[in-house]
S.K.: 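Here it is, the structure, as structure tokens.
Within every chain, numbering begins at 1; the chains are lettered A, B, ... in the order of the sequence lines, protein sequences first and strands thereafter.
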Protein chains: 2
Amino acid sequence: MSTFDDRDDTAPTDRLAAGRRRRTTRTGTVLSQELIVQTAIRLLGQPGNDALSVRRLGLALGADPSALYRYFRSTDDLVLAVADELIGMSLKDVRITGDWRADLRGIGTDLHRTYTAHPHVAVLAASRVTRRPNEMRGVEIGLGILRDAGFGPQDAARYYHRFIDFTLGFAAIDAAAHALPTEAGAADRAAWQGTYASLPSDRYPRIAESAPTLARTMSTSAYPGALEVFLDGVQAALDRHGR
Amino acid sequence: MSTFDDRDDTAPTDRLAAGRRRRTTRTGTVLSQELIVQTAIRLLGQPGNDALSVRRLGLALGADPSALYRYFRSTDDLVLAVADELIGMSLKDVRITGDWRADLRGIGTDLHRTYTAHPHVAVLAASRVTRRPNEMRGVEIGLGILRDAGFGPQDAARYYHRFIDFTLGFAAIDAAAHALPTEAGAADRAAWQGTYASLPSDRYPRIAESAPTLARTMSTSAYPGALEVFLDGVQAALDRHGR
DNA sequence: CTCTTATGACAACGTGATTGACGTTAAAAG
DNA sequence: CTTTTAACGTCAATCACGTTGTCATAAGAG
């Protein structure tokens with residue numbers, strides 16, 4: 001039963017940066033988990049770099065690609081570290097006010113903003129469980145808000161689950177839309193001003209009558225509006241539970 | 001302004017299957033867009049095939065991989081066709097009852113079920129705009145439900161956008177979780193029974209008190225519950241608009 | 001100063017998407 | 001029925017990718 005959290009203690013990940021031999025690469029840089037994660041995020045933010053690549057990451061670090069495997073067991077291990085860093089960036093300036101609705105809105109907005117601002121990173125991160133410090137802090141904060149709002153421990157867990165997956169789901173598709181290759185992304189966005197705006201009203205009457213609004217809104221994120229709808233639903237649940 | 005829906009008319013996609021020269025491959029099969037899409041979905045459903053690969057798809061079709069480029073301009077073109085097929089599968093048995101809440105719940109549930117049942121396909125499809133028949137039918141249906149519920153054309157478009165991205169967002173992350181390689185997926189799922197269940201209650205009091213519920217619920221989809229929360233929010237909006 | 005070993009570099013393997021050239025053959029033109 | 005045309009399947013080649021095994025070397029321990 002407790003074999004779940006078995007991690008290979010001899011694996012690179014678990015060695016601390018402090019005790020490392022600080023050998024330099026051919027180009028003089030000194031590698032570390034932190035530097036690799038930061039470089040990966042920076043690399044994924046530059047235009048033209050569509051996806052994370054060990055080879056390009058090595059190049060950006062001035063090191064041989066295979067050197068990364070001294071710091072992360074696999075690319076998946078690296079991805080989890082990157083994902084947790086993204087959570088950390090999102091949580092950097094959360095302030096808990098005690099107003100559950102404002103607090104959830106703030107956390108959701110911060111998460112969504114950070115993820116869509118780093119779409120290529122978000123695509124890798126949005127659906128992962130990092131089991132790392134920043135994620136744990138986020139769960140603790142989220143549960144706390146819901147507990148203080150009046151939910152019991154069980155309902156707090158349930159509504160936290162709904163809220164966080166709701167938010168990360170939007171982050172995932174909005175980030176994926178931003179992360180598409182130039183051509184495909186442009187075509188997807190233009191669809192609502194082009195294809196859907198000119199569908200015949202006899203076959204598609206509902207689309208035709210809503211076409212202007214669709215053209216205006218479908219290429220922007222629905223998250224802010226959907227979040228208010230969701231929060232209204234949470235409010236309804238709180239009202240039902242008494243209090 | 002109307003240059004948006006320019007599509008290259010000489011491209012393979014736009015030629016109809018009817019007028020095609022029906023030449024056989026080396027192994028005797030006769031290719032078509034439809035066969036390729038079906039084979040791709042079948043291939044992605046088989047265990048061990050992590051991602052779509054033109055080479056494996058060619059192998060499964062008994063054809064040279066490069067033959068696919070006679071039917072789809074690029075893999076992205078193929079992906080859009082696959083995505084639209086997935087929408088078609090989801091809409092196959094929708095029945096409109098006139099009860100907006102039941103109808104939205106039905107469509108959302110069907111979409112989410114189909115997408116998570118084909119996780120590898122869903123990962124490619126969830127964030128795309130296919131501009132193809134099945135998607136158009138889905139938009140028309142969705143808008144119709146909201147119009148009949150009492151929303152005007154503008155609000156119908158806005159709430160459709162929120163609803164569909166809400167649903168596809170959940171589909172995206174739930175599918176991504178199912179689509180992870182065996183090792184990574186197992187680790188992610190086990191996190192809530194392992195890592196999070198044994199966090200110290202002094203540092204993480206909220207997690208500790210909710211740990212049993214987290215362990216029970218976090219490895220299943222939050223969509224059904226979140227959907228009710230969302231629908232409650234839509235109800236609140238309808239109440240606010242009068243009627 | 002010596003010894004150990006962590007770690008960076010290198011080379012190689014298998015797999016991926018994509019493209020251009022080529023030849024065959026089905027369909028269209030007469 | 002014959003001729004023509006071009007659609008389409010195949011082949012070969014190119015370049016990028018993740019990952020592993022081997023080797024040397026420099027950093028730290030003694």
S.K.: Would the distance check show the side chain of B:Q38 and the main-chain N or O of B:E34 forming a donor-acceptor pair, the cut-off being under 3.5 Å?
M.R.: no

S.K.: Whole-Å distance between C:dG8 C1' and A:I36 CD1?
M.R.: 12 Å

S.K.: Please find the pair of heavy atoms, one from A:A51 and one from A:L44, that lie closest to each other, and give the distance.
M.R.: C-CD2, 3.7 Å

S.K.: Check whether any side-chain heavy atom of A:I87 lies under 4.5 Å from a side-chain heavy atom of A:L91, and answer yes or no.
M.R.: yes

S.K.: Return whichever of B:T24 or A:G62 has its heavy-atom-nearest nucleotide of DNA chain C closer to the 5' end.
M.R.: A:G62

S.K.: Sort and list the pairs that fulfil ring pair (Phe, Tyr, Trp, His ring centres under 6.0 Å) and have at least one residue in residues 167-201 of chain B, not counting sequence neighbours.
M.R.: B:F166-B:F170, B:F170-B:Y223, B:W192-B:Y196

S.K.: Which of the following nucleotides, C:dA17, C:dT7, C:dA9, is nearest to the side chain of B:S53?
M.R.: C:dA17

S.K.: In whole angstroms, how far is the P atom of D:dT19 from the CG atom of A:L68?
M.R.: 10 Å

S.K.: Dump every N/O contact between nucleotides 10-14 of chain C and the protein below 3.5 Å, one line per pair.
M.R.:
{"unit_1": "C:dC10", "atom_1": "N4", "unit_2": "A:S66", "atom_2": "OG", "d": "2.8"}

S.K.: Return the nearest nucleotide to the side chain of A:L31; candidates are C:dG8, C:dT18, D:dG18.
M.R.: C:dG8

S.K.: With a 4.5 Å cut-off on side-chain heavy atoms, are A:T24 and A:T29 touching?
M.R.: no

S.K.: Please state whether the phosphate of C:dT18, meaning OP1 or OP2, lies under 4.0 angstrom from any side-chain nitrogen or oxygen of B:T75.
M.R.: yes

S.K.: Among A:T75, A:L78, A:V123, find the one that has a side chain to side chain contact (heavy atoms under 4.5 Å, CB included) with A:L52.
M.R.: A:L78

S.K.: Shorter than 3.5 Å, N or O on both sides, protein versus nucleotides 1-4 of chain C: list them out with atom names.
M.R.:
none

S.K.: Test your reading of the model: is there a side-chain donor-acceptor pair from B:E85 to the backbone of B:A81, 3.5 Å cut-off?
M.R.: no

S.K.: Figure out the CZ/P separation between B:R23 and D:dA7, and round it to whole Å.
M.R.: 13 Å

S.K.: Tell me the interatomic distance from A:L57, atom CG, to C:dA9, atom P, rounded to whole angstroms.
M.R.: 13 Å

S.K.: Just the rounded figure in Å: distance from P of C:dT18 to CD of A:E183.
M.R.: 11 Å

S.K.: Which is true for A:L52 with a 4.0 Å heavy-atom rule: it touches a base, it touches only sugar-phosphate, or it touches nothing?
M.R.: sugar-phosphate

S.K.: For A:D77, is there an ion pair with A:R132 - N to carboxylate O distance below 4.0 angstrom?
M.R.: yes

S.K.: Please state how far atom CZ in A:R56 lies from atom P in C:dG16, giving the value in whole angstrom units.
M.R.: 19 Å

S.K.: Could you check whether A:D76 and A:S74, counting side-chain N and O atoms only, form a donor-acceptor pair closer than 3.5 Å?
M.R.: no

S.K.: Roughly how many Å is it from CG in A:L124 to P in D:dG18, rounded to a whole number?
M.R.: 11 Å

S.K.: Roughly how many Å is it from OH in A:Y69 to P in D:dT22, rounded to a whole number?
M.R.: 18 Å

S.K.: Contact class for B:L61 (heavy atom, under 4.0 Å): base, sugar-phosphate, or nothing?
M.R.: nothing

S.K.: Across the strands shown, which category fits A:A63 at heavy-atom distances under 4.0 angstrom: base, sugar-phosphate, nothing?
M.R.: sugar-phosphate

S.K.: Under a 3.5 Å threshold, yes or no: a donor from one side chain and an acceptor from the other, between A:S90 and A:D110?
M.R.: no

